[in-house]
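The structure is given below, and queries will be raised subsequently.
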Amino acid sequence: MSKTYKNIKGTFDIVPDPSISKDASPFSSGQWIRIERVVRDVVRRYGMQEIRTPILEPLDLIARGIGQLTDIVSKEMFAFSRDNTDYVLRPEITAPVVRAYLQHNMSQLLPVQQLFYIGPCFRAERPQKGRYRQFHQFGAEIIGEPGPMADVEVIRCMVDIYKELGITNMELRLNSLGDETSRPQYKAALQEYLEPHRNDLSETSRSRLEDNVLRILDTKNPDEQRLLQDAPRLSAFIDSESEDHFNIVCEMVDKAGIPFVHDPFLVRGLDYYTRTAFELESPDLGAQSALAGGGRYDLLATELGSKNPVPAVGFAAGIERLLIAVSELGDTAAIDDGPDIYIASLGDTALKWAIDTAAALRSDGGAVVTALAQKSLKAQLKDASKRNARYAIIVGEDELQSSVATVRDLRKSTQEEIPFASLPTLLKRS
RNA sequence: GUGGCCGUAGCUCAGUCGGUUAGAGCGCCAGGUUGUGGCCCUGGAGGUCGGGGGUUCAAUUCCCCUCGGUCACCCCA
């Protein structure tokens with residue numbers, strides 16, 4: 001076999017029709033664009049403005065922001081160095097957004113920034129269903145507001161997107177991680193409780209015992225889960241402000257008619273969360289059940305060098321998983337990007353006329369496709385049909401003589417005669 | 001990083017208990033309709049049966065290695 005090239009493992013091409021390439025195309029570009037439109041429409045209703053940051057970021061930003069001890073930073077980064085600078089392909093977008101917010105003093109423009117983003121992220125994990133090495137996230141952040149209503153807005157915005165797409169089979173899990181006063185106390189208590197059971201813990205949990213106790217809470221190991229049943233709960237240590245904050249979030253989420261469960265073991269894999277943490281899961285996704293997640297990260301800006309604390313809250317969601325969830329519902333809808341008009345021509349003179357006429361119709365705003373070489377009318381109409389064109393304009397010697405085109409409505413299978421000068425009116429029909 | 005499963009046409013997959021020209025459906029191209037798509041009929045193109053090595057008179061089939069894919073663990077979007 002001669003040498004050919006393939007997409008890199010864990011990445012995929014987004015092509016018009018995935019059936020053409022089994023290797024690397026879980027979704028069509030039409031499905032993809034449709035999701036992006038829904039996302040943009042919903043976040044727009046919340047007043048979120050788009051921010052686009054580079055895919056390449058300083059390694060240090062990500063390491064500090066997300067946390068050295070997280071799985072993401074310790075083993076999943078695509079990082080490299082060049083000219084004495086360490087780079088990383090961003091594994092998530094919250095830290096870059098906060099970096100941009102601080103760098104551009106965005107609080108000066110607007111005390112409370114409401115931003116959304118959408119774009120690719122990279123993590124060097126073994127790919128499987130719903131998990132890719134280049135994947136795509138969208139998310140929203142409310143930066144500069146400490147109060148619980150910001151949390152509620154973010155959660156409502158996130159849930160609205162899924163509702164808009166007809167996804168109802170999902171579970172929202174909420175928890176509060178306390179703040180910088182209560183969390184260390186809880187960590188210490190948990191450590192104290194687990195220490196005597198050290199030998200019953202898995203290898204990873206044992207190392208977390210020292211440096212990242214909270215992560216033990218979301219272990220999937222049944223023995224460890226049993227052990228944790230009697231462990232001290234964070235709710236017993238939580239400071240009153242965080243408690244009030246959490247209660248208001250729960251109350252308002254409940255009032256919004258969004259079902260949720262309080263999961264005291266929810267901690268999330270990124271270190272920067274404080275107080276509110278949440279995850280949205282779907283049972284339709286297989287092993288990768290997390291559709292989206294997020295929370296409050298009041299300490300992140302400080303961690304990234306800000307002199308003033310910057311309270312913020314946000315969510316991040318995976319487009320691939322959203323697409324899987326949507327197609328599990330049997331919804332494979334895609335945007336219809338077929339042209340308005342396909343010009344079929346017969347003969348060399350007509351072909352040239354078609355090219356010129358297409359240009360004229362395009363300047364009127366129409367999407368127009370022509371055959372680019374002489375072909376049988378049958379082949380051209382088949383082409384038009386496959387492209388999902390609305391109308392076919394058929395022009396041969398007769399039509400050129402009379403300056404009246406034969407126009408076929410490809411959806412209704414009806415046909416009519418339209419003078420050349422009136423062809424632009426086709427574009428005004430609904 | 002670890003484990004299970006799978007690699008035959010563009011796609012989905014048959015098949016060969018080792019034996020001459022490897023099949024189907026869908027898709028693609030053409031013709032049936034000297035200028036009419038989606039239905040129907042006919043024909044055609046397209047495969048070194050993932051790659052390498054071994055056993056054998058003979059390997060797509062059996063064995064080994066390798067590459068690739070996929071699902072799962074871990075963790076997350």
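First the proteins, then the strands, lettered A, B, ... as listed; each starts at 1.
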With a 4.0 Å limit, can you tell me whether A:K129 has a side-chain N or O closer than that to the phosphate oxygens OP1/OP2 of B:rU70? no

Once you apply a heavy-atom cut-off of 4.0 Å, does A:D398 come out as touching a base, just sugar-phosphate, or nothing? base

Classify A:I72 by what it touches in the nucleic acid, base, sugar-phosphate, or nothing, heavy-atom distance under 4.0 Å. nothing

Touch check for A:T70, heavy atoms < 4.0 angstrom, all strands: base, sugar-phosphate only, or nothing? nothing

Got a salt bridge between A:E416 and A:R408, using NZ or NE/NH1/NH2 to carboxylate O under 4.0 Å? no

Would you say B:rC76 has OP1 or OP2 under 4.0 Å from some side-chain N or O of A:R215? yes

Below 4.0 angstrom, N of the basic side chain to O of the carboxylate: do A:R34 and A:D331 qualify? yes

Using atom CE of A:M77 as one end and atom C1' of B:rC76 as the other, report the distance to the nearest whole Å. 15 Å

For a quick check of understanding: with a heavy-atom distance under 4.0 Å over all strands, which category does A:E320 fall into, base, sugar-phosphate or nothing? nothing

Would you classify A:E399 as touching base, sugar-phosphate or nothing, given that sugar-phosphate means primed atoms plus P, OP1 and OP2, and contacts are heavy atoms under 4.0 Å? base

With a non-hydrogen cut-off below 4.0 angstrom, is A:E125 in contact with a base, only sugar-phosphate, or nothing? base

Using Watson-Crick or G-U wobble geometry with both distances under 3.5 Å, which nucleotide pairs with B:rA45? none

Which part of the nucleic acid does A:G139 contact within heavy-atom distance under 4.0 Å: base, sugar-phosphate only, or nothing? nothing

Relative to each other, are the rings of A:F27 and A:W32 parallel, tilted or perpendicular (30° and 60° limits)? tilted

Mate of B:rC75 across any strand shown (Watson-Crick or G-U wobble, both atom pairs under 3.5 Å) is none

Applying a 4.0 Å non-hydrogen cut-off, can you work out what A:A292 is touching in the nucleic acid: base, sugar-phosphate, or nothing? sugar-phosphate

Using a 4.0 Å heavy-atom cut-off, does A:R387 contact any base of the nucleic acid, only the sugar-phosphate backbone, or nothing at all? nothing

Ring centroids only, cut at 6.0 angstrom: are A:Y193 and A:H197 within range, meaning strictly under it? yes

Quick check on B:rU70: is either OP1 or OP2 less than 4.0 Å from any side-chain nitrogen or oxygen of A:R131? no

Both distances below 3.5 Å, Watson-Crick or wobble geometry, any strand: find the nucleotide opposite B:rC26. B:rG10

Taking 4.0 Å as the cut-off, does a side-chain nitrogen or oxygen of A:K375 come that near to OP1 or OP2 on B:rU36? no

Heavy atoms only, 4.0 Å cut-off, all strands: where does A:R208 land among base, sugar-phosphate and nothing? sugar-phosphate

Using a 4.0 Å heavy-atom cut-off, does A:K378 contact any base of the nucleic acid, only the sugar-phosphate backbone, or nothing at all? base

Using OP1 and OP2 only, check whether a side-chain N or O of A:K386 sits under 4.0 Å from B:rC28. yes

Within less than 4.0 Å of OP1 or OP2 of B:rC73, is there a side-chain N or O belonging to A:Q128? yes

